[in-house]
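Sequential numbering from 1 along the given sequence is applied to the chain's residues.
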Amino acid sequence: MLRFANLGSRLRGNGGACVRTSSLRRQGPNVVLSLAALMSTTSAHAFATRDIKPEPVQGYRFQVVTTDDSAITRRIVDDITRRLVPVFAVFRTELAQHRRMLYVTVGPAALREVAQRRCDCVVVSTFTSSQVVRSILGTLPPARAAMFTAVYAEPAPVDQLRLVALLYRRPVRVAAILGPDTAFLKPLLEGEHVNVLEGDSDEGINRLLGQIAQTDVLLALPDSAVYNTENFRNILLSAYRKKQGVIGFSADMVKAGALATTYSEVEDINAQVAEIVASYVAGGELPPPQFPRYFHTIVNEGVARSLDVEVPDNVRNFARPAPARQP
């Protein structure tokens with residue numbers, strides 16, 4: 001049976017948001033971490049005019065916002081907290097009112113909750129698909145949306161296509177089916193010579209699959225208009241009847257029958273988030289939302305044998321691990 005429990009919670013998410021972090025300060029069942037860091041420089045102009053103008057933002061606090069207290073969420077929060085504490089090491093509560101809040105949201109529901117807040121804040125979304133991130137940010141005014149960035153939950157398409165090249169070791173025809181919420185990937189995929197089909201929830205998936213019958217590989221992307229728990233098994237069966245490999249977008253999909261995928265562990269995502277936050281606090285530049293930088297690979301060896309795809313060691317070892325976290 002296809003296991004989408006983890007995938008669903010990462011890509012969709014529901015429920016009320018709470019804020020968790022380490023045990024530096026506890027307030028009832030929810031834990032709030034609020035650490036501030038002074039910026040290393042302050043302009044002379046700011047000092048010259050502070051008697052007649054409001055004090056400018058001089059540093060940052062952060063909070064990790066979650067929607068549940070599961071074991072995986074605690075693992076995420078504990079790890080990201082340890083990574084971010086050094087970035088916000090200078091903590092002066094008397095200056096807290098002059099600091100911009102930086103939220104790290106874990107999962108879609110937390111992102112939705114923070115997006116609805118009225119605040120002078122910066123937001124880094126984690127463990128949420130590009131489809132959902134773009135959908136939520138699309139409801140915000142442009143100036144507000146510009147204060148959000150993300151590390152998407154799903155693999156980078158370019159890394160997935162590199163994995164295909166390593167698996168097949170010959171030119172192969174790759175196809176991808178895009179729904180309305182993943183259509184933004186069309187230029188990137190077509191630039192990599194992927195056969196792109198566009199569909200929506202009103203179109204039958206079987207008709208779309210029939211149009212890519214002559215391709216070797218189906219690159220799956222997290223779009224609920226195309227892939228869901230009800231049709232994924234049928235997609236796999238259709239693909240394998242045509243001897244097509246399916247490159248999934250999560251490790252669970254590979255365990256369920258997809259050929260292979262790159263995937264990112266909690267620590268991989270959190271390392272990238274910490275790099276984004278450190279760069280922003282140091283220089284004030286917030287990068288656009290991005291795919292995971294660090295990853296590993298999982299292959300369904302049984303499926304590979306049934307497709308007559310030999311899996312060399314360089315495929316199993318295809319990875320870009322995150323730098324080790326400093327103690």
Side-chain angles (χ1 to χ4, degrees), residues 2-22 29-33 62-84 101-117 119 121-140 144-145 147-156 181-182 221-224 227-229 248-253 261 263-277 286 288-295 322:
L2 179 60
R3 295 186 299 147
F4 269 87
N6 291 338
L7 176 66
S9 64
R10 288 187 181 186
L11 301 191
R12 293 185 295 274
N14 290 292
C18 62
V19 182
R20 293 190 65 256
T21 136
S22 71
N30 297 330
V31 186
V32 179
L33 175 67
F62 82 88
Q63 290 181 355
V64 181
V65 184
T66 73
T67 59
D68 64 79
D69 196 39
S70 64
I72 185 63
T73 299
R74 290 195 298 272
R75 174 183 165 193
I76 292 168
V77 172
D78 290 345
D79 182 74
I80 193 61
T81 298
R82 292 189 185 98
R83 293 176 188 273
L84 293 186
M101 179 63 73
L102 188 148
Y103 292 109
V104 177
T105 62
V106 180
L111 176 59
R112 290 190 185 98
E113 195 277 336
V114 170
Q116 294 172 359
R117 298 183 184 180
C119 63
C121 56
V122 175
V123 183
V124 183
S125 167
T126 66
F127 302 97
T128 302
S129 72
S130 60
Q131 172 191 2
V132 175
V133 170
R134 290 173 61 85
S135 175
I136 294 173
L137 298 192
T139 66
L140 302 177
R144 171 83 166 127
M147 301 314 297
F148 285 68
T149 190
V151 178
Y152 298 139
E154 78 268 25
D181 293 324
T182 47
L221 299 162
D223 193 316
S224 58
Y227 299 98
N228 53 60
T229 55
F249 51 83
S250 75
D252 282 346
M253 293 178 73
T261 190
Y263 70 96
S264 298
E265 296 280 8
V266 165
E267 292 76 14
D268 296 322
I269 298 291
N270 286 351
Q272 188 170 346
V273 169
E275 291 170 357
I276 290 171
V277 171
L286 193 68
Q290 54 198 248
F291 288 98
R293 182 178 304 138
Y294 307 116
F295 63 87

For Arg144, which residues count as a side-chain contact (heavy atoms from CB on, under 4.5 Å) partner, sequence neighbours excluded? Cys119, Cys121, Leu140, Pro141, Phe148
Test side-chain contact (heavy atoms from CB on, under 4.5 Å) applied to Asp181 - qualifying residues, sequence neighbours left out: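 Residues passing side-chain contact (heavy atoms from CB on, under 4.5 Å) with Asp181: Gln131, Asp223.
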Residues that [X] engages under side-chain hydrogen bond (donor to acceptor under 3.5 Å, both in side chains), provided they are two or more places apart:
| X | value |
| --- | --- |
| Asp268 | His296 |
| Gln290 | Gln272, Arg293 |
| Thr261 | Gln160 |
| Ser70 | Asp68, Thr73 |

What's the shortest heavy-atom distance between [X] and [Y], and which atoms?
| X | Y | value |
| --- | --- | --- |
| Ser264 | Ile269 | CB-CD1, 3.8 Å |
| Thr105 | Ser125 | OG1-CA, 3.3 Å |
| Ala271 | Ala322 | CB-CB, 3.6 Å |
| Thr149 | Pro289 | OG1-N, 3.3 Å |
| Ala109 | Thr67 | CB-CG2, 3.4 Å |
| Ala153 | Ser129 | CB-N, 4.0 Å |

Assess, by modelled atom type and distance only, whether the side chains of Ser250 and Glu154 contain a donor and an acceptor separated by less than 3.5 Å.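 Ser250 vs Glu154: no donor-acceptor pair found between side chains.
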Can you check whether Asp69's main-chain N or O pairs, donor with acceptor, with Arg74's side chain at less than 3.5 Å?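 Checking the backbone N and O of Asp69 against the side chain of Arg74, a donor-acceptor pair under 3.5 Å is found.
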Has Ser135 got a side-chain atom pairing as donor or acceptor with Val133's backbone, closer than 3.5 angstrom? no
Working for side chain to side chain contact (heavy atoms under 4.5 Å, CB included), residues Met147 and Val123: CA-CA 6 Å; Met147 301 314 297; Val123 183; over 6 Å; no
Roughly how far, to the nearest 0.5 Å, is [atom2] of [Y] from [atom1] of [X]?
| X | Y | atom1 | atom2 | answer |
| --- | --- | --- | --- | --- |
| Thr126 | Leu111 | OG1 | CG | 9.0 Å |
| Leu84 | Asp79 | CG | CG | 9.5 Å |
| Ile76 | Phe127 | CD1 | CZ | 4.0 Å |
| Arg112 | Thr139 | CZ | OG1 | 10.0 Å |

Kindly indicate, with the supporting measurements, whether the criterion side chain to side chain contact (heavy atoms under 4.5 Å, CB included) is fulfilled by Val122 and Tyr103. CA-CA 6 Å; Val122 175; Tyr103 292 109; over 6 Å; no
By ring-ring contact (aromatic ring centres under 6.0 Å, His included), Tyr294 pairs with (sequence neighbours left out) none
Partners of Phe295 by ring-ring contact (aromatic ring centres under 6.0 Å, His included), sequence neighbours excluded? Phe318
By the definition side-chain contact (heavy atoms from CB on, under 4.5 Å), identify the one residue from Asn270, Val277, Val273 that meets it with Arg83.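 So, applying the side-chain contact (heavy atoms from CB on, under 4.5 Å) to Arg83 and each of Asn270, Val277, Val273, only Asn270 qualifies.
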Side chains of Glu267 and Arg75, heavy atoms from C-beta outward: is any pair under 4.5 Å? yes
Close side-chain approach of Val104 and Val65, heavy atoms under 4.5 Å: no
Just do the side chain to side chain contact (heavy atoms under 4.5 Å, CB included) check on Met253 and Tyr263 with the steps written out, would you? CA-CA 11 Å; Met253 293 178 73; Tyr263 70 96; over 6 Å; no
